Amino acid sequence: MRTWHRYCLTVVLILLASPVCAALNGLLLTPQNGQPARHLLVLLHGYGSNEQDLLPIADFLAADYAVVSLRAPIALGGDHYAWYRAGDLSQSDIDAASGQVIVRVRQLQQQLAIIPARTLLAGFSQGAVMGWNIAFHYPTSVGAIAIFSGHLPPSLPHTAPLGLLPSVFVGHGRADERIPLALDEQAVASAQRWGYSVAFHRYAQQGHTISSPELEDFKHWAQAFTPQTSD
């Protein structure tokens, strides 16, 4: 996916230890303003990538975010990882990985004293599918979710999620050659039927990537999200 136009993070990289076997490893970045974190961004990379790929997304958020970029649990060889396997095993992989993500998120929320309403999760491709799964199965664990080029997981809950639902940003290219736009349109329709507030953006001539216009839309959406959260 690596098509970023800038990378100006001025933060400290810390390798996360894993005292609980069910939690994932990754990178934890301290807030750019040098102050205690007020918000938490959780990043979920795409298939075949790793925890370093989506880090520049933090450039588009306020300076008071701590950022954790998690590594998917399935090793593909080299420095390449996946959240789930294709075929009949995909939903069981997605559910298992979603549980691992939530374990890590809750650990960090407690460690950094950040409530779920101040937590934003963002995923690309397979990470976006993970985002949809978390939105529907763990809706009260985060305050907002950004979906970049995703689709619904194979299995959805039988009933609408309960509790305070996260706000959702969805961006998808009309020329996406890997995940057709229609699949995210289906996901958005399902989310809206269940009462989610969704900001949906389509991008002409954009393939399976995250573009500069998409990041600007994400930035404006995130700015609107941030002041609405409260302790």
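Numbers here are sequence positions counted from 1. Computed from a predicted structure; not experimentally measured.
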Novice: How far does CG of L70 sit from CD of E51, to the nearest 0.5 angstrom?
Specialist: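 Between atom CG of L70 and atom CD of E51 there are 9.0 Å.
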
Novice: Kindly determine whether L41 and V68 satisfy side chain to side chain contact (heavy atoms under 4.5 Å, CB included), including the steps that lead there.
Specialist: CA-CA 6 Å; L41 171 67; V68 60; over 6 Å; no

Novice: Please list, chain by chain and in numerical order, all residues satisfying side-chain contact (heavy atoms from CB on, under 4.5 Å) with A63, sequence neighbours excluded.
Specialist: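 Expected list: Q32, N33.
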
Novice: With a 4.5 Å cut-off on side-chain heavy-atom distances among I, L, V, M, F, W and Y, is there a chain of contacts connecting F60 to L27?
Specialist: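 Yes: a chain of side-chain contacts under 4.5 Å links F60 to L27.
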
Novice: If we ignore angles and hydrogens, is there a donor and acceptor under 3.5 Å between the side chains of Q52 and S69?
Specialist: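 No - no donor-acceptor pair under 3.5 Å links their side chains.
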
Novice: Partners of S190 by side chain to side chain donor-acceptor pair (under 3.5 Å), sequence neighbours excluded?
Specialist: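 With neighbours one apart ignored, the set is R193.
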
Novice: How long is the straight-line distance from CG of L112 back to NE2 of H39, given to the nearest 0.5 Å?
Specialist: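 That separation rounds to 13.0 Å.
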
Novice: Of the non-hydrogen atoms in L24 and A97, which two are nearest, and what is the gap between them?
Specialist: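 Closest approach of L24 to A97, heavy atoms only: CD1-O, 4.5 Å.
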
Novice: Using side chain to side chain contact (heavy atoms under 4.5 Å, CB included), reason through I115 and Q109 one step at a time and then give a plain yes or no.
Specialist: CA-CA 6 Å; I115 60 174; Q109 287 170 339; over 6 Å; no

Novice: Which heavy atom in G207 sits nearest to a heavy atom in E177, and how many Å separate them?
Specialist: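 Smallest interatomic distance, heavy atoms only, reads CA-OE1, 3.7 Å.
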
Novice: Say whether L152 and I94 are linked into one hydrophobic cluster, either directly or through other cluster members, by side-chain heavy-atom distances under 4.5 angstrom.
Specialist: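 Yes: a chain of side-chain contacts under 4.5 Å links L152 to I94.
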
Novice: Find the distance between CD1 (I102) and CD (Q107) and round it off to the nearest 0.5 Å.
Specialist: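 Separation between the atoms: 11.5 Å.
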
Novice: Just verifying a value: how many Å separate Y65 OH and R38 CZ, rounded to the nearest 0.5 Å?
Specialist: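 Reported to 0.5 Å precision, the distance equals 11.0 Å.
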
Novice: Determine, step by step, whether V142 and L120 satisfy the side chain to side chain contact (heavy atoms under 4.5 Å, CB included) criterion, reporting the C-alpha distance in whole Å, the side-chain angles of both residues, the deciding distance to 0.1 Å, and the verdict.
Specialist: CA-CA 6 Å; V142 298; L120 190 165; over 6 Å; no

Novice: State the NE2-NE2 distance between H201 and H220, to the nearest 0.5 angstrom.
Specialist: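 Those atoms lie 9.5 Å apart.
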
Novice: Would you please name every residue forming a side chain to side chain donor-acceptor pair (under 3.5 Å) with E214, sequence neighbours left out?
Specialist: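 Listed in chain order: Q206.
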
Novice: Go through the structure and list residues passing salt bridge (charged side-chain N to carboxylate O under 4.0 Å, His left out) with R174, not counting sequence neighbours.
Specialist: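 If we apply the salt bridge (charged side-chain N to carboxylate O under 4.0 Å, His left out) test to R174, skipping adjacent residues, there are no hits.
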
Novice: Identify, with sequence neighbours excluded, every residue that meets side-chain contact (heavy atoms from CB on, under 4.5 Å) alongside E185.
Specialist: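 With neighbours one apart ignored, the set is L181, A182, F200, R202.
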
Novice: Could you check if a side-chain atom of D59 sits within less than 4.5 angstrom of a side-chain atom of K219, using non-hydrogen atoms only?
Specialist: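 The answer is no, as the side chains (C-beta and beyond) never meet within the 4.5 Å cut-off.
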
Novice: In chain order, what residues pass the side-chain contact (heavy atoms from CB on, under 4.5 Å) check against P161, with sequence neighbours excluded?
Specialist: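 Applying side-chain contact (heavy atoms from CB on, under 4.5 Å) to P161 gives F136, P139, L165, W194, Y196.
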
Novice: Just jot down the salt bridge (charged side-chain N to carboxylate O under 4.0 Å, His left out) partners of R106, sequence neighbours excluded, or say none.
Specialist: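 With sequence neighbours excluded, R106 shows a salt bridge (charged side-chain N to carboxylate O under 4.0 Å, His left out) to no residue whatsoever.
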
Novice: Could you pull out all donor-acceptor pairs under 3.5 Å where a side-chain atom in residues 121-135 meets a protein atom, sequence neighbours excluded?
Specialist:
from: S125; atom 1: OG; to: H208; atom 2: NE2; distance (Å): 2.8
from: Q126; atom 1: OE1; to: W83; atom 2: N; distance (Å): 2.8
from: Q126; atom 1: OE1; to: Y84; atom 2: N; distance (Å): 3.4
from: Q126; atom 1: NE2; to: Y84; atom 2: O; distance (Å): 3.1
from: W132; atom 1: NE1; to: D184; atom 2: OD1; distance (Å): 3.0
from: N133; atom 1: OD1; to: Q91; atom 2: NE2; distance (Å): 3.4
from: N133; atom 1: OD1; to: H137; atom 2: ND1; distance (Å): 3.4
from: N133; atom 1: ND2; to: D95; atom 2: OD1; distance (Å): 3.4
from: N133; atom 1: ND2; to: S98; atom 2: OG; distance (Å): 2.9

Novice: For side chain to side chain contact (heavy atoms under 4.5 Å, CB included), just list the numbers for T119 and V105, CA-CA rounded to whole Å, side-chain angles, deciding distance to a tenth of an Å, and then say yes or no.
Specialist: CA-CA 9 Å; T119 302; V105 168; 4.3 Å; yes

Novice: What's the spacing between L28 CG and R104 CZ if we round to 0.5 Å?
Specialist: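 Between L28 CG and R104 CZ, I get 9.0 Å after rounding to 0.5 Å.
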
Novice: Count the heavy atoms belonging to other residues, nucleotides or ligands that lie under 6.0 Å from CD of Q110, then report whether that count exceeds 12.
Specialist: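 Counting neighbours around CD of Q110, 12 or fewer heavy atoms of other residues, nucleotides or ligands fall under 6.0 Å, so no.
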
Novice: Should R85 and S90 count as side-chain neighbours, where that means a heavy-atom distance under 4.5 Å?
Specialist: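 Not in contact.
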
Novice: Using every non-hydrogen atom in the two residues, find where L54 and L44 come nearest and quote the distance to one decimal.
Specialist: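 For L54 and L44, the tightest heavy-atom pair comes out as CD1-O, 3.2 Å.
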
Novice: Using side-chain heavy atoms (C-beta onward) and a distance below 4.5 Å, is S141 in contact with P116?
Specialist: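 Counting from C-beta outward, S141 and P116 never come under 4.5 Å.
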
Novice: Should Y203 and L183 be regarded as members of a common hydrophobic cluster, given that ILVMFWY residues are connected when their side-chain heavy atoms come within less than 4.5 Å of each other, either directly or indirectly?
Specialist: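 Cluster IDs for Y203 and L183 differ.
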
Novice: Just grab all the ring pair (Phe, Tyr, Trp, His ring centres under 6.0 Å) pairs involving residues 139-158, residues at least two apart or on different chains.
Specialist: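 Non-adjacent pairs meeting ring pair (Phe, Tyr, Trp, His ring centres under 6.0 Å): F148-F169, F148-F218.
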
Novice: Do the side chains of V103 and V101 get nearer than 4.5 Å, heavy atoms only?
Specialist: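 No, every pair of side-chain atoms sits at 4.5 Å or beyond.
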
Novice: So, the side chain of H45 versus the backbone of A72: is there a donor-acceptor pair under 3.5 Å, distance only?
Specialist: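 Such a contact is found between H45 side chain and A72 backbone.
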
Novice: For D176, enumerate each residue passing the salt bridge (charged side-chain N to carboxylate O under 4.0 Å, His left out) test, keeping only those at least two apart in sequence or located in another chain.
Specialist: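 Salt bridge (charged side-chain N to carboxylate O under 4.0 Å, His left out) list for D176, sorted by chain: empty.
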
Novice: Clusters formed by hydrophobic residues whose side-chain heavy atoms approach within less than 4.5 Å: which one holds L76, and what are its other members?
Specialist: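 Besides L76, the hydrophobic cluster comprises Y47, I74, listed by chain and residue number.
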
Novice: Only pairs at least two apart or in different chains count here, so list each salt bridge (charged side-chain N to carboxylate O under 4.0 Å, His left out) that has a residue in residues 136-159.
Specialist: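 Checked against salt bridge (charged side-chain N to carboxylate O under 4.0 Å, His left out) - neighbours excluded - no pair reaches residues 136-159.
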
Novice: Can you name the closest pair of heavy atoms from W221 and A144 and give their distance?
Specialist: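 For W221 versus A144, the nearest heavy atoms are CH2-CB, 3.6 Å.
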
Novice: Would a hydrophobic clustering, with Ile, Leu, Val, Met, Phe, Trp and Tyr connected at side-chain separations under 4.5 Å, put I147 with I179?
Specialist: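 Hydrophobic grouping puts I147 apart from I179.
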
Novice: Answer yes or no: is there a side-chain heavy-atom contact under 4.5 Å between I114 and L108?
Specialist: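 Result no, sub-4.5 Å side-chain heavy-atom pair not found.
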
